[in-house]
Amino acid sequence: MESRFKRALNSGKFVVTCEVGPPKGTNIEKMLHHIDLLKYRVDALNVTDHQSSVMRFPSLGGCLSVKERGGEPILQMTCRDRNRLALQADLMLAHTRGINNVLCLTGDAVVVGDHKEAKGVFDLDSVQLLRAVRQMEAGEDLAGNRLDGAVSFCAGAVVCPEAKPIEPQLIKFEKKVEAGAEFFQTQGIYDLDNFANFMQHARQFPVKILAGIILLTSAGMAKYMNANIPGIFVPQNLIDELASAGKGQALQKGIEIAGRMIAAIKKEKLCDGVHIMAIGREELVLDILRAAEI
Amino acid sequence: MRSITRQKPFTEIEESLKRFNQVYIIGCGTCATMTKTGGIDEVLEMKERLEGLEKAVTGWTVVPIACDGMTDVTIKENERAVRKAGCILVMACALGVHRVTMYTSKPVIPALDTLYMGVEEKPGHFKEVCAQCGQCVLGETAGICPLTACSKGLLNGPCGGTNNGKCEVDKEKDCAWTLIYQRLKLQGRLDLMRKYHPPKNHQAAPRPKHIKL
């Protein structure tokens, strides 16, 4: 079965996805509020999987809520917390509940999160997980046993266009394409020239690319990301722009920058769409879309 | 290859010796001596600290290789002092603890935690280079083990947590896959990095690992 998101990817339209972050705890009101705000404004909603290795309400649970409320979920699945049995089981559950998009990720290291003494599983890696999805679609589990009922997914992965050196990332990107990735959501990008170079390479492959847009909320946040988030590079001119915005105006400036970037990506047809990450401020995605005139 | 150990916090050692007033101490002349966790100096320091807790140290020895069968002979040679002790405190890796346990009916208490198998790359620097996984990939990864050198043990290339050749876990730590990439490139074997590695067989050496020749 072709998912709604896959149809959007193949329609030729400029695709927009964004994130929903499940809560720490059972109070899911805020998450549901974000889902309701965004479900008809974007083509699909990613639900993060213990983002930054911080234990939270599960991605699969969040995806069920998206689905129940009429949205289109993308199940984020990391290899950090589950071995191959558990990953396959969750893929089957997702399929039976109409969740047919999956983003296959390695997952952050355990020690960056809030359960630092936990065991990092990594029984599979992102490439192997992509292949597992395809194998299960062919009606077989990872041990080669026949499945009574296969799965069906629009499967994607991530890539880091700003990584240095870039070549190892590109090799991994190609391995993911060969493993069956149909779409990529990139790590946050800020330098469109550099991104255009990356796209020149990526265009050789039959995959859809959604540029990652992370909302900048202040000059300090931009500097923090440069220093601490692998693969993120906010150029100095954007940091200066945020700093010059005046007291209380930085967030508005961040929304403006994000909107401007999205509009430029769309206008210049740099890639197939964008993936907006507002990291806990999901309600602002609507403002970003307005700023981008989408 | 060395068995790399770290002395347990003294409070933990004290707690595990709570019910024993007489203690016999065994150190190891090989790995634990090199890592300064169970050589003569450390054994004597332990003796002093235990005496400070008003325990009687009935004797001590540093066996040449604690994990070797000769440990049996050493224990027999020191039988009188061992017999007087309520337990044996072993300042060797877990392999040494295991050996001592084989040769005595006394309770055996480890004073060290065994961390990994490592090599001494330069004096005092012990590095884990092998996870003893039973499926060696070093021939395809330019001699750098992705299971031990990558914090996630990834087989198919770097994750998104790599930054300027460093690892997200620790900015001082090299990204294993950047090192593998650089070395394969130097060797003109970058094609190997494109090779797909299937999920690892964790039963390549089934647990408990045991080989009978």
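Just so we're on the same page: letters track the sequence lines, and every chain starts at 1.
Side-chain contact check for His197(B) and Asp125(A): no donor-acceptor pair (N or O, by modelled atom type) lies under 3.5 Å.
The greatest number of non-hydrogen atom pairs below 4.5 Å with chain B, out of Gln169(A), Arg80(A), Lys176(A), Glu178(A), is found for Gln169(A). Most heavy-atom pairs under 4.5 Å with chain A, from the set Ser151(B), Gly157(B), Pro158(B), Cys159(B): that is Pro158(B).
Residue-level contacts of residues 164-185 of chain B with chain A, in order of numbering, are Asn164(B), Gly165(B), Glu168(B), Val169(B), Lys171(B), Thr178(B), Tyr181(B), Lys185(B); threshold 4.5 Å between heavy atoms. Scanning residues 87-108 of chain B against chain A with a 4.5 Å heavy-atom cutoff picks out nothing at all.
More than 12 heavy atoms of other residues, nucleotides or ligands sit less than 6.0 Å from atom NZ of Lys116(A). Within 6.0 Å of CD in Gln236(A) there are more than 12 heavy atoms belonging to other residues, nucleotides or ligands. For Lys122(B), the NZ atom counts as loosely surrounded, since its 6.0 Å shell holds 12 or fewer non-hydrogen atoms of other residues, nucleotides or ligands. The environment of Arg6(B) atom CZ is sparse: at most 12 non-hydrogen atoms of other residues, nucleotides or ligands sit within 6.0 angstrom. The environment of NZ in Lys127(B) is sparse: at most 12 heavy-atom neighbours from other residues, nucleotides or ligands sit within 6.0 Å. For Lys223(A), the NZ atom sits in a loose shell: 12 or fewer heavy atoms of surrounding residues, nucleotides or ligands are nearer than 6.0 Å. A 6.0 Å sphere centred on CD1 of Ile40(B) holds no more than 12 heavy atoms belonging to other residues, nucleotides or ligands. In this structure, Phe10(B) places its CZ atom where more than 12 heavy-atom neighbours from other residues, nucleotides or ligands lie under 6.0 Å away.
The closest side-chain heavy-atom distance from Thr162(B) to Lys164(A) is not below 4.5 Å.
Remark: Phe205(A) pairs with Phe173(A), His201(A) by the ring pair (Phe, Tyr, Trp, His ring centres under 6.0 Å) rule, at least two apart or across chains.
The two residues Cys160(A) and Gly160(B) have their closest heavy-atom pair at SG-O, 4.3 Å. Here the closest heavy-atom approach between residue Gln128(A) and residue Leu155(B) is recorded as NE2-CD1, 4.0 Å. Taking every heavy atom of both residues into account, Lys175(A) and Arg194(B) meet most closely at CE-O, 3.7 Å.
Residue contact with chain B, scored on non-hydrogen atoms closer than 4.5 Å, is absent for Gln187(A). At a 4.5 Å heavy-atom cutoff, the contact between Arg131(A) and chain B is made by side-chain atoms alone. Contact of Ile229(A) with chain B is made through the backbone alone, with heavy-atom distances under 4.5 Å.
We find the NZ-CD1 distance between Lys195(B) and Ile171(A) to be 15.0 Å, quoted to the nearest 0.5 Å. Note that CG of Leu129(A) and CG of Asn156(B) are 12.0 Å apart. Values are rounded to the nearest 0.5 Å.
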Can you list, pair by pair, the side-chain donor-acceptor contacts under 3.5 Å of residues 106-113 of chain A, counting residues two or more places apart and other chains?
unit_1, atom_1, unit_2, atom_2, d
Thr106(A), OG1, Ser126(A), OG, 3.4
Asp108(A), OD2, Ser52(A), N, 3.4

